[in-house]
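Let me begin by presenting the structure, written as C-alpha cells, before commenting on it.
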Amino acid sequence: MATAMAAPERQQAAIQLESKPQRRPTSLWSRQVSNAVLLISTDVATIALSVLMAFLLRIHVVPRIESHAPPVFFSVRQYCLFGCIWLVLVVFLGVEGLYTQRRTLWNEIGHVTKAVALGVMAILAALTLTKLGPLISRTTNILTALNLLVLLPMVRYWTKWVLGKLGLWRKRILILGAADTARLAVQGLMSDAVLGYEVVGLLDDDPLRAGQCVGICHGSPIFVLGNLAQARAELERTHARDVLIAMPDLPEEKLLALVHRLQPFCDSIYVVPHLWGLPMMNLHVDGFLRERVLMLKLSNNLAKPWNRWLKRSVDLVLSSLIVLIALPIGILIVILIKLDSEGPALFVQDRMGYGGCSFRCIKFRTMAVDGDEKLADYLKQNPEAAEELRTFAKLRNHDPRITRFGYFLRRWSLDELPQFLNVLRGEMSVIGPRPYLHHEKPRIGMGLSTILEARPGVTGFWQVNGRNHVTLDERVQLEAWYVRNWTVWLDCIVLAKTLRAVLFPGTHSQAWE
C-alpha cells in the first residue's frame with residue numbers, strides 16, 4: 001500500500017480527480033449478457049474437450065493399467081451423443097450461480113466441484129435407467145468428471161482474466177472506510193481476477209485521509225475521494241454499482257442508516273462486521289423472520305466424531321500411497337545424506353502433538369551434527385540474525401546449520417517425507433498445524449489450546465500463506481484460524497496450494513492466496 005501523501009499533494013490529487021472526466025462504462029446489462037454467453041461457450045468447449053480426453057484415456061490408457069478392462073472403440077456418433085448428454089452440466093453450473101454471481105477464486109472452485117459432482121451423479125442415474133447405459137461405460141463418465149474437475153476451474157479462471165483485461169468482466173465498486181480493514185479489502189479485491197472488481201475510490205469521514213492514495217487498480221491510482229455523506233454522489237459520478245462497507249467500528253445505527261440510504265442505488269452491498277476471529281468457513285446465517293433477529297451459527301467441525309474419522313481415513317489413504325511411491329526416493333535420499341555430511345540420515349525430535357501429548361517427529365536430516373555450535377558463532381557475528389531468529393523462529397535467508405544437500409531437500413520439501421510415517425502411526429495428519437517444540441509454549445500463548453485440538457500436519461495453512469514471510473505470532477494466528485475454520489474443502493485448498501508450492505517453489509501468485 002502506498003503511504004499517505006503530504007497535504008499539498010492531497011489537495012492536488014483531489015483537484016485532478018475532480019476535474020478528470022469519468023467515462024461512462026458500457027451498459028451493465030449488455031456486459032452481463034456477453035459475459036454469460038462467453039462463459040457458457042467456453043464451458044461447452046471444455047466439456048467437449050473433457051469428453052474427448054476421456055475417450056482417449058479409455059481407449060489407450062485404461063487397458064494398459066487394468067488388464068481386465070476390454071479394449072473399446074468409440075464412433076463419432078457415440079462421441080456426439082455422450083457430449084450432448086454431458087451438456088446437462090451447464091444447467092447445474094447455472095443453478096450454482098456460476099454465470100451470474102461473483103465469487104472469490106476458491107469459492108468458485110468449490111461451486112464448480114459441486115456442480116460436476118451433481119452432474120455426474122445425474123448422468124450415471126439417467127444412463128442406468130435408460131437404454132443408453134450400455135453405449136457409454138461408467139469408467140468413461142468418471143474420467144470425464146475428473147477431467148472437468150481440473151479443466152473447468154482453469155478455463156474459467158483464464159476466461160475471466162481475459163474478459164477482465166477487455167473490460168467486460170470488470171465491475172466498479174466503492175469502498176466506505178479508509179483504515180486498515182478497508183485497505184485489506186482493497187488488496188483482496190485487486191488480487192482476485194475471478195471477482196473482477198475495479199475499485200473506484202474510498203470514502204472516509206477522517207479529513208486527514210482525504211486525497212490519500214491507497215493503491216493502484218488496473219493501472220489507475222485509488223484515492224480517498226471524500227466523506228461518507230458523498231457516497232450517493234460518488235456512486236453516480238463513478239458509475240459504481242456495488243459498495244463495500246469496511247468500517248467495523250461504525251455504530252450500529254449509523255451502519256443501518258448508511259445501508260438503507262444506499263441500497264436502492266446498488267446491486268450489492270458488502271459489510272465487514274466487527275467479528276474478528278470468528279470462524280468464517282463454518283459460518284451459517286439463520287434467523288427468525290417475524291422477530292427480524294439475525295443469528296450466526298458457528299460449528300466446531302473438528303469436534304464431531306464423523307469429521308475426525310473422515311480426516312483420519314483420508315490421512316491413512318494419502319500417506320499409504322505416498323510412502324509406497326516415495327520409498328525408492330527415500331532410500332536414495334538416505335544415501336546422498338550420508339555422502340554429503342557426517343551423522344545419521346534421520347533427525348528425530350520430541351514435538352507437541354494432539355491434545356498436548358509428546359511424540360517423536362521424524363525428518364530427513366538437513367543440518368550438520370554440530371549445528372548448534374555453528375549457529376552460536378553465527379549469531380555472535382550477526383546480531384541482526386539473532387533478532388530474525390527471535391521474530392520468525394527461523395533464519396529465512398541463510399542458516400549456517402544447513403548442509404549443502406539439506407538446502408536441496410528443503411527447497412523441494414523432501415525432508416518432510418518421513419513424517420508420513422508419523423501420519424500412519426496416528427501422531428500427525430497430512431494437513432494441520434505445525435508440530436511445535438515444547439520450549440515454544442510460552443510464545444504460542446492463548447492459541448496453544450486451539451492448535452492442540454488438531455493433529456500437527458506435514459503441511460498446513462501457514463506454509464501456503466506466507467511460510468518464511470510471517471512471524472511466529474502471525475503463524476500461530478493462522479494455524480488457530482485453520483483449526484477453528486476446518487472443513488474438508490479447506491483441506492482440499494491447502495493440499496492444492498501445497499502441490500503448487502512443491503512443484504513450483506520459485507513462483508508466487510496472489511490469486512492463489
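Only heavy atoms go into these numbers, but all of them, side chains included; no hydrogens, no water, no symmetry mates.
Residues Asp204 and Gln212 have side chains not in contact (no heavy-atom distance under 4.5 Å, counting atoms from C-beta outward). Using a 4.5 Å cut-off on side-chain heavy atoms (C-beta onward), Leu202 and Leu225 make no contact. Proximity of Asp43 to Leu152: side-chain heavy atoms (C-beta onward) are separated by under 4.5 Å at one or more points. Here the side chains of Val323 and Leu424 are in contact, with some heavy-atom distance below 4.5 Å. Taking 4.5 Å as the limit, some side-chain heavy atom of Leu250 sits within range of a side-chain heavy atom of Leu258. Counting only heavy atoms from C-beta outward, the side chains of Val44 and Val90 approach each other to under 4.5 Å. When side chains are defined from C-beta on, Val488 does not count as touching Lys311, because their heavy atoms never get closer than 4.5 Å. At least one side-chain heavy atom of Gln419 sits under 4.5 Å from a side-chain heavy atom of Cys361.
A distance of 12.5 Å separates CG of Leu163 from NZ of Lys165, quoted to the nearest 0.5 Å. Interatomic distance, Thr498 OG1 to Ile493 CD1, rounded to the nearest 0.5 Å: 11.5 Å. The distance from the CZ atom of Arg312 to the CG atom of Leu316 is 4.0 Å, given to the nearest 0.5 Å. Between atom CZ of residue Arg484 and atom CG of residue Asn301 there is a gap of 14.0 Å, rounded to the nearest 0.5 Å. For the atom pair CD1 of Ile175 and CD1 of Ile222, the computed distance is 8.0 Å after rounding to the nearest 0.5 Å. Here the OH-CG distance, from Tyr407 to Asp399, works out to 6.0 Å after rounding to the nearest 0.5 Å.
Pairing each heavy atom of Asp491 with each of Ile431, the nearest pair is O-CD1, 3.2 Å. Nearest heavy atom pair, residue Leu174 against residue Ala240, reads N-CB, 4.2 Å. For the residue pair Leu414 and Phe364, the shortest heavy atom distance occurs at O-CD1, 3.3 Å. Between Ser50 and Leu151 the shortest heavy-atom distance is OG-CD1, 3.5 Å. Minimum heavy-atom separation, Ala231 to Leu176: CB-CD2, 4.3 Å. Taking every heavy atom of both residues into account, Ala185 and Leu244 meet most closely at CB-CD2, 3.9 Å.
Aromatic rings of Trp309 and Trp306 (six-membered ring for Trp) have centroids beyond the 6.0 Å cut-off, not under it.
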Exercise. Check the pair Leu235, Cys266 against side-chain contact (heavy atoms from CB on, under 4.5 Å), reporting the backbone distance first and the verdict last.
Key: CA-CA 8 Å; Leu235 283 173; Cys266 301; 3.8 Å; yes
Exercise. Show the numbers, then the answer: is there a side-chain contact (heavy atoms from CB on, under 4.5 Å) between Arg183 and Gln187?
Key: CA-CA 6 Å; Arg183 294 173 186 242; Gln187 185 178 350; over 6 Å; no
Quiz item: After noting the C-alpha distance and the side-chain angles of Asp192 and Thr104, does the key distance pass the side-chain hydrogen bond (donor to acceptor under 3.5 Å, both in side chains) rule?
Solution: CA-CA 7 Å; Asp192 198 324; Thr104 56; 4.8 Å; no
Quiz item: How far apart are the C-alpha atoms of Ile123 and Leu89, what are their side-chain angles, what is the distance that settles it, and do they pass the side-chain contact (heavy atoms from CB on, under 4.5 Å) test?
Solution: CA-CA 9 Å; Ile123 290 171; Leu89 180 61; 5.9 Å; no
Quiz prompt | Working for side-chain contact (heavy atoms from CB on, under 4.5 Å), residues Val112 and Leu98 | solution = CA-CA 8 Å; Val112 169; Leu98 290 164; 3.8 Å; yes
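Between Tyr436 and Glu479, the side chains place a donor N or O and an acceptor N or O closer than 3.5 Å (distance only, hydrogens not considered). Side chains of Asn141 and Trp86: a donor-acceptor N/O pair is present below 3.5 angstrom, by distance only. Of the N and O atoms on the side chains of Thr366 and Arg410, at least one donor lies less than 3.5 Å from an acceptor on the other residue.
Under a 4.0 Å N-O distance rule, the pair Lys171/Asp242 qualifies as a salt bridge. Under 4.0 Å is where a charged nitrogen must lie from a carboxylate oxygen, and between Glu108 and Arg102 no such pair does. Using a 4.0 Å cut-off between charged nitrogen and carboxylate oxygen, Asp206 and Arg209 count as a salt-bridge pair. One finds a salt bridge joining Arg434 and Glu440 here, because a Lys/Arg side-chain nitrogen approaches an Asp/Glu carboxylate oxygen to under 4.0 Å.
Side-chain N or O atoms of Thr471 include one that pairs as donor or acceptor with a backbone N or O of Glu474 at under 3.5 Å. Without hydrogens or angle criteria, Trp169 side chain to Val194 main chain gives a donor-acceptor distance under 3.5 Å. Judged purely by atom type and a 3.5 angstrom limit, Arg455 has no side-chain atom pairing as donor or acceptor with the backbone of Gly353. Without hydrogens or angle criteria, Asp205 side chain to Asn227 main chain gives no donor-acceptor distance under 3.5 Å. No donor-acceptor pair under 3.5 Å is formed between the side chain of Asn107 and the backbone N or O of Arg103. In this structure, Arg172 contributes its side chain and Val199 its backbone to no donor-acceptor pair below 3.5 Å. No donor-acceptor distance shorter than 3.5 angstrom exists from the side chain of Arg170 to the backbone of Glu198, with no hydrogens or angles considered. Remark: the backbone N or O of Gly460 is paired with a side-chain donor or acceptor of Gln463 at under 3.5 angstrom. Using a distance-only test at 3.5 Å, with no hydrogens or angles considered, no donor-acceptor pair links the side chain of Lys114 to the main chain of Ile109.
With sequence neighbours excluded, no residue forms a ring-ring contact (aromatic ring centres under 6.0 Å, His included) with Trp489.
The side chain to side chain contact (heavy atoms under 4.5 Å, CB included) with Leu302 is formed by just one residue from the set Thr487, Asn307, Asn485, Val483; it is Val483.
Taking the six-membered ring where tryptophan is involved, the planes of Phe408 and Trp412 are tilted, since the angle between them lies from 30° to 60°. Tyr270 and Tyr197 have perpendicular rings, their planes meeting at more than 60° on a 0 to 90° scale where under 30° would count as parallel. Ring planes of Phe55 and Tyr79: perpendicular class, angle over 60° (limits at 30 and 60°).
Applying the 6.0 Å contact sphere to NZ of Lys254 captures no more than 12 heavy atoms from other residues, nucleotides or ligands.
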